[in-house]
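Residues take their numbers from the sequence shown, with the count starting at 1. Counting starts at 1 for both ligands and their atoms, in listed order.
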Amino acid sequence: MTVTALLGEIADVGRDGRRGGYSRHGFAPVEGELRTWFVEQAQRRGLDVRTDRNGNLWAWWGTPGPNAVITGSHLDSVPGGGAFDGPLGVAASLSAVDLLRSGGFQPGRPLAIGVFSEEEGGRFGVPCLGSRLMTGSLDPDAARRLTDSDGITLAEAASSAGVDPARFGRDDEALADIGCFVELHVEQGRAMDLLDDRPSVAVASSILAHGRWRFTVTGVGNHAGTTEVPDRRDPMLPAAAAVLAARRALGGRAGARATVGRLTPTPGGTNVIASSVDFWLDARAPEEAPVREVVEEITAAARAAAAEEGCELSVRQESFGDTVLFDPALRDRLAAELGGVPVLPTGAGHDAGILASRVPTAMLFVRNPTGISHAPAEHAEPADCEAGAAALARTLESLCRDEP
Ligand code: HGY
Ligand code: MN
Ligand code: MN
């Protein structure tokens with residue numbers, strides 16, 4: 001099946017009528033529909049599908065074992081996300097299996113498609129949840145206590161999705177079987193489209209260091225019409241100071257990014273001065289140091305504004321990942337075997353970035369002509385999607401020929 005046909009099968013799953021795009025969050029019923037679709041597609045191809053202790057799916061071509069070649073990606077999205085971030089990698093993996101099989105290929109090493117849980121952290125706030133649990137970079141007790149905006153814990157949501165949260169944790173046994181991992185992903189940016197030959201496929205070199213911080217400003221809730229300025233303790237002002245500081249802090253720090261995309265006042269009434277405001281900072285940079293500097297600068301601005309307004313401020317780091325440099329030998333080999341395709345850095349985090357700390361990892365990008373991601377305008381042309389699957393098939397065939 002083509003990638004386009006596979007993506008067409010899930011095109012109506014999880015559409016978000018209010019935000020546009022898709023909202024497909026970890027262990028929610030909509031993501032469950034996508035998991036069911038993947039399992040059916042994998043079983044139709046004779047793959048043996050297993051769910052690991054962290055809710056990640058693994059569709060095996062051949063008996064699981066050491067030196068396995070793994071591909072795949074994720075099915076969940078950000079709120080109002082695009083159609084390609086995650087599902088393109090999963091669909092391309094299925095299509096690559098079809099291409100390999102139609103050419104009479106039989107893997108000389110175990111080969112599997114992985115589908116990782118809650119990569120976006122769109123529901124429980126921690127990105128790459130399934131791969132972080134698997135590699136031991138997320139404490140299982142802390143994970144079980146994570147809650148979504150309705151107060152449902154990850155433990156409850158996983159149980160409802162048929163995954164036992166008591167089993168969450170580092171999975172050295174599964175990791176020991178992985179010889180290498182190659183994730184295909186839609187490009188998130190326009191670098192490929194700005195190249196003269198506008199290539200369909202590129203290889204990843206690195207991922208920015210990035211983290212997430214939760215800020216909570218506490219003031220005094222009151223009436224918007226009867227409270228004079230001297231009597232106000234409005235938490236929205238320190239929050240506003242932080243949002244403006246996020247842009248200022250990037251000055252002079254090449255490649256740094258800081259975003260506040262999520263801000264929740266309590267109680268959230270039009271004629272009410274909020275009693276508290278929660279907002280989340282996403283900060284990234286080529287190295288860890290500038291990320292920390294940016295966060296400190298923003299925190300200082302929020303703290304000064306909170307002191308002036310008579311509010312309290314608390315800040316908590318929710319996740320952090322250092323710069324990822326993909327395996328150089330794998331990177332260069334893939335680029336060469338694919339005909340000298342470009343090698344590009346990315347600002348986006350991926351499960352491949354988490355696994356890179358434990359196994360040789362690489363990524364393939366498929367050109368995105370809009371350059372937009374995490375929004376409905378995210379796009380990849382059908383011809384480029386099919387070229388991506390063909391490139392992935394060639395890559396998997398080559399890797400499976402390696403002697404263990
Ligand atoms: O946030 C990211 O960079 C990724 O898309 N999860
Ligand atoms: Mn994403
Ligand atoms: Mn992704």
For [X] and [Y], does a side-chain donor sit closer than 3.5 Å to a side-chain acceptor?
{"X": "Gln188", "Y": "Asp85", "answer": "yes"}
{"X": "Thr4", "Y": "Thr2", "answer": "no"}
{"X": "Ser117", "Y": "Arg35", "answer": "yes"}
{"X": "Asp278", "Y": "Thr216", "answer": "yes"}
{"X": "Glu296", "Y": "Thr299", "answer": "no"}

*Identify, for atom 5 (O) of ligand 1, the protein heavy atom at the shortest distance, and state residue, atom and that distance.*
His374 NE2, 2.9 Å

_Can you report which non-hydrogen protein atom sits closest to atom 4 (C) of ligand 1, along with the distance?_
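Result: Gly349 O, 3.2 Å.
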
*Distance-minimising heavy-atom pair for Gly121 and Asp76*: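 Closest pair (atom of Gly121, atom of Asp76, distance): N-OD2, 4.2 Å.
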
_Proximal heteroatom of His74 relative to the Mn ion (ligand 3) (N/O/S)_ =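 Result: NE2.
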
*Report the member of Glu120, Gln188, His74 with the shortest heavy-atom distance to atom 6 (N) of ligand 1.*
Glu120

_Heteroatom test (N, O or S) for His350 near the Mn ion (ligand 2), limit 2.8 Å_ =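 Of the N, O and S atoms in His350, none lies under 2.8 Å from the Mn ion (ligand 2), which means no.
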
*Are any N, O or S atoms from Asp85 nearer to the Mn ion (ligand 2) than 2.8 Å?*
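Yes - counting backbone and side chain alike, Asp85 has an N, O or S atom under 2.8 Å.
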
*Which part of Pro127 is near ligand 1, with near meaning a heavy atom under 4.0 Å away: side chain, backbone, both or neither?*
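Answer for Pro127: neither.
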
*Using heavy atoms and a threshold below 4.0 Å, how should the contact between Arg284 and ligand 1 be classified: side chain, backbone, both, or neither?*
side chain

*Decide, yes or no, whether a salt bridge links Arg170 with Asp172 under the criterion of side-chain N to carboxylate O below 4.0 Å.*
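Answer for the salt bridge query: yes.
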
*Are Arg292 and Glu288 within salt-bridge range, i.e. N to O under 4.0 Å?*
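Answer for the salt bridge query: yes.
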
*What atoms of ligand 1 come within less than 4.0 Å of a heavy atom belonging to Ala348?*
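Checking each atom against Ala348, I get 3 (O).
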
*Where ligand 1 meets Glu119 - atom numbers and elements under 4.0 angstrom, heavy-atom basis*: 4 (C), 6 (N)

_Only N/O/S atoms count here: what is the atom of Glu120 closest to the Mn ion (ligand 2) called?_
OE2

